[in-house]
There are 4 protein chains.
Amino acid sequence: MSGAQERPMRADAARNRARLLDVATEVFTTRGVGVPTEEIARAAGVGVGTLFRHFPTKEALLEAVLVRRLETIADQTARLAAEADPAEAFFDCFRLVIDRSSGKSEFTQALAAAGVDAHATLRESSTAIRAQLAELLAGAQQAGAVRRDLGLPELIALLVGTSTTMEHLGADTPARERIFEVVFDGLRPR
Amino acid sequence: MSGAQERPMRADAARNRARLLDVATEVFTTRGVGVPTEEIARAAGVGVGTLFRHFPTKEALLEAVLVRRLETIADQTARLAAEADPAEAFFDCFRLVIDRSSGKSEFTQALAAAGVDAHATLRESSTAIRAQLAELLAGAQQAGAVRRDLGLPELIALLVGTSTTMEHLGADTPARERIFEVVFDGLRPR
Amino acid sequence: MSGAQERPMRADAARNRARLLDVATEVFTTRGVGVPTEEIARAAGVGVGTLFRHFPTKEALLEAVLVRRLETIADQTARLAAEADPAEAFFDCFRLVIDRSSGKSEFTQALAAAGVDAHATLRESSTAIRAQLAELLAGAQQAGAVRRDLGLPELIALLVGTSTTMEHLGADTPARERIFEVVFDGLRPR
Amino acid sequence: MSGAQERPMRADAARNRARLLDVATEVFTTRGVGVPTEEIARAAGVGVGTLFRHFPTKEALLEAVLVRRLETIADQTARLAAEADPAEAFFDCFRLVIDRSSGKSEFTQALAAAGVDAHATLRESSTAIRAQLAELLAGAQQAGAVRRDLGLPELIALLVGTSTTMEHLGADTPARERIFEVVFDGLRPR
DNA sequence: CATGAATGAGTATTCATTCAT
DNA sequence: GATGAATGAATACTCATTCAT
């Protein structure tokens, strides 16, 4: 149900596609979405034509990057949810989502896309993550670890916002930890 | 208290400058920074030439918009700080800053600019607001209303992040209120 | 009712616009529609930006060229129609339309556009020319100089086709004259 | 009588070549010459590589299409010339050539190619058709059915032009018939 | 001072053609 | 031989900025 390849796809083509995704992720994350396609192609060691063969549009490339991010997170989130007790699962997941967030506000966009509706491809993977977040939230609320009046939209908005907060703190680990404390304290009932 | 005028400046010139700032604020806020300068000029009822006479660069225009925002906030913040008791002042100010946040992520940028060091012009007004925020924070902490381990950088980052959170909730007032509760609860000691 | 300038338009702007139209006409006519916009701009001694300021689209430029051609023809046609007797007017006009046709099949397109429907601007001037042709045709038919069973569509198609015929004869004047004889003979009743 | 095959050529290769020619003819005729090679290949059920193996250039493909058209016409023309009396043969052939004309101006090009000297490959088949047309014309002229002052160039140009005329009339059969009457009347002596 | 025409570097995208699989 | 992935030159169009009117 996730990323099934229609046909095997030639080895080099797959390698190029992967390389393009990696480079694009890196570049979009660190330098924003404004970077020319040609530069991305060059950095991936392919011609522009190849980039556009794999992703018919710059937007499609961005979308693919976001989808992959979301899928990665969804996978890890799922693993967490299965292992820990509800409360721990919820807070660990919150951390995980935030920690996956890196550089620029690009990831913010990805998460935002999970909240708002986007293109078809994105919607699928964002739906997956939304479902998992909803489940985790419900579990934590039933376990009495999180305020009952919070809904999924607030949770998502809070994830996006906290991600932004962290971006502005950079690598200052103690400060980041204090923010986690503030938010987690605030999330608990009472 | 606001950008000193070198020479008297003709009345119409001043009017044009003001109009440009207003329009730019509106446009940047609602439609993002990507809007062509020409369109801003037209909306302000002047030619592009005039725009570039007042603001030598598009970036300079954006900067001016941000500065004015920061100044406005600083003014209101100052008023609040003078009137209420420290705790109330702090939280009221937090709300005020967030509520001034509207549309797009433009305002978030303004807040971000207060955190990071940007161009010279910005630095002046951001310094002002930083000073006030620092004072308010200290007051609230001494009054025992806010955790003592939080520094100014965390506060600013939190403002930026919460602003982002709110953007994603849009006009859902009850939800926004719940976010305030979460953050404010989290800010309090213990 | 023809090409009214909204506002005076600066002298240099008008000159550039005219130069662009001239160059485009020349270039499209002799080398076809495939010629890069940049080249047209360079040949007109302006930057691409100027070209696109005057004609927001390559298609718009082509359209403008065609319109001007049609207008020119319509003007001359009108003059002819007013002076001569119906039969002479009709045949003179036929010649005139064909003789205005030069190089490539670009003019064919222009005439075709008069037959089929095109963009709004084109339609206006093509309507004008169609009306005049219809009038001339009717006059010649009433004067007994042209078969009564021919309609306007056939006339236009014949103009386009004869224009194509002439293109393939190039500058061979006697041959062109023979074609005129063939077509004109064929047009007469019986 | 048609392009000699150097070596036997494998059965599937021959089938591919034929299929490509068919598809290209169809596509060029209905949608013009601008259609991407890749699309033609796909429609023919082969990869682009195969297309370029058979026709080293897009232009070569177009040329092959035209050659085949000309050959077909030449064949039918030859048959007609052998059967009827000179006058009838001439006019029937004229009709046949025109009626073979379908969609877009692609066929017009083919005819035009018979008039002008194009690439080597084309020259061969166009020479054949030119010879036949010359013979038919001479026959009709000696039979007193066509003006004596017309040469082969005029005839070819007239064929091309009339083809264009017909294109613009589309499927309006009565109108097409009237055009034939006009042209045929005009072609007769006096 | 204001205007808006001119500029031209910059960008996404297409497509004929080549070549590794 | 066949395939389709890779290539990259080419092209229409945009927009910040300058400067003649």
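In the text below, chain A, chain B and the rest are named by the order of the sequence lines, each starting its count at 1.
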Exercise. Is the closest side-chain donor-acceptor distance between R69(B) and T29(B) under 3.5 Å?
Worked result: yes
Exercise. side-chain contact (heavy atoms from CB on, under 4.5 Å) between L66(C) and E63(C): does it pass, once the steps are laid out?
Worked result: CA-CA 5 Å; L66(C) 298 188; E63(C) 201 175 290; 5.7 Å; no
Exercise. What is the distance, rounded to the nearest whole Å, between atom CD of E38(D) and atom C1' of dA16(E)?
Worked result: 10 Å
Exercise. Which residue lies toward the 5' end of DNA chain F, G34(C) or V35(B), if each is placed at its nearest nucleotide?
Worked result: G34(C)
For this session: Looking only at side-chain atoms of D12(C), point me to the closest of dC1(E), dT21(F), dA5(F).
Result: dT21(F)
Problem set entry | Heavy-atom closest pair, residues F28(B) and V33(B) | CD2-CA, 3.8 Å
Exercise. Do other residues, nucleotides or ligands put more than 12 heavy atoms under 6.0 Å from R19(B) CZ?
Worked result: no
For this session: Using atom CG of L62(D) as one end and atom P of dA16(E) as the other, report the distance to the nearest whole Å.
Result: 12 Å
Seminar exercise, completed: Contact check, residues 46-53 of chain D vs DNA chain F, heavy-atom distance under 4.0 Å, returns V46(D), G47(D), V48(D), G49(D), T50(D), R53(D)
Problem set entry | Residue T57(A), side-chain heavy atoms: nucleotide from dA2(F), dT13(E), dA12(F) that is nearest | dT13(E)
Exercise. Given dA2(F), is OP1 or OP2 found less than 4.0 Å from the side-chain N or O atoms of N16(D)?
Worked result: yes
Exercise. Would one find a side-chain N or O of T37(B) under 4.0 angstrom from OP1 or OP2 of dC15(F)?
Worked result: no
Problem set entry | Shortest non-hydrogen contact between F55(D) and A64(D), atoms and distance | CE2-CB, 3.7 Å
For this session: Write down the distance between CZ (R42(B)) and C1' (dA2(E)), rounded to a whole number of angstrom.
Result: 17 Å
Exercise. Hey, what do you get for OG1 (T37(A)) to CG (L61(A)), rounding to the nearest 0.5 Å?
Worked result: 9.0 Å
Seminar exercise, completed: E26(C) meets the side chain to side chain donor-acceptor pair (under 3.5 Å) criterion, sequence neighbours left out, with none
For this session: Grab the CZ-C1' distance between R15(C) and dT21(F) for me, whole Å please.
Result: 12 Å
Exercise. Hey, are the side chains of V27(D) and E39(D) touching, using non-hydrogen atoms and a 4.5 Å cut-off?
Worked result: no
Exercise. Atom CZ of R19(B) to atom C1' of dA2(E): distance rounded to whole Å?
Worked result: 14 Å
For this session: Can you tell me the distance, in whole Å, between the CZ atom of R17(D) and the P atom of dA2(F)?
Result: 13 Å
Seminar exercise, completed: Under the rule of Watson-Crick or G-U wobble with both distances under 3.5 Å, where | means paired to another strand and [ ] a crossing pair, DNA chain E maps to .||||||||||||||||||||
Problem set entry | H54(C) side-chain N/O to dA6(E) phosphate OP1/OP2 under 4.0 Å | yes
Exercise. Looking only at heavy atoms, what is the nearest atom pair of A43(B) and V23(B), with distance?
Worked result: CB-CG1, 3.6 Å
Exercise. Quick one: K58(D) NZ to dT18(E) C1', roughly how many Å, whole number?
Worked result: 17 Å
For this session: Let me know the distance between CG of L20(D) and P of dG1(F), rounded to the nearest Å.
Result: 14 Å
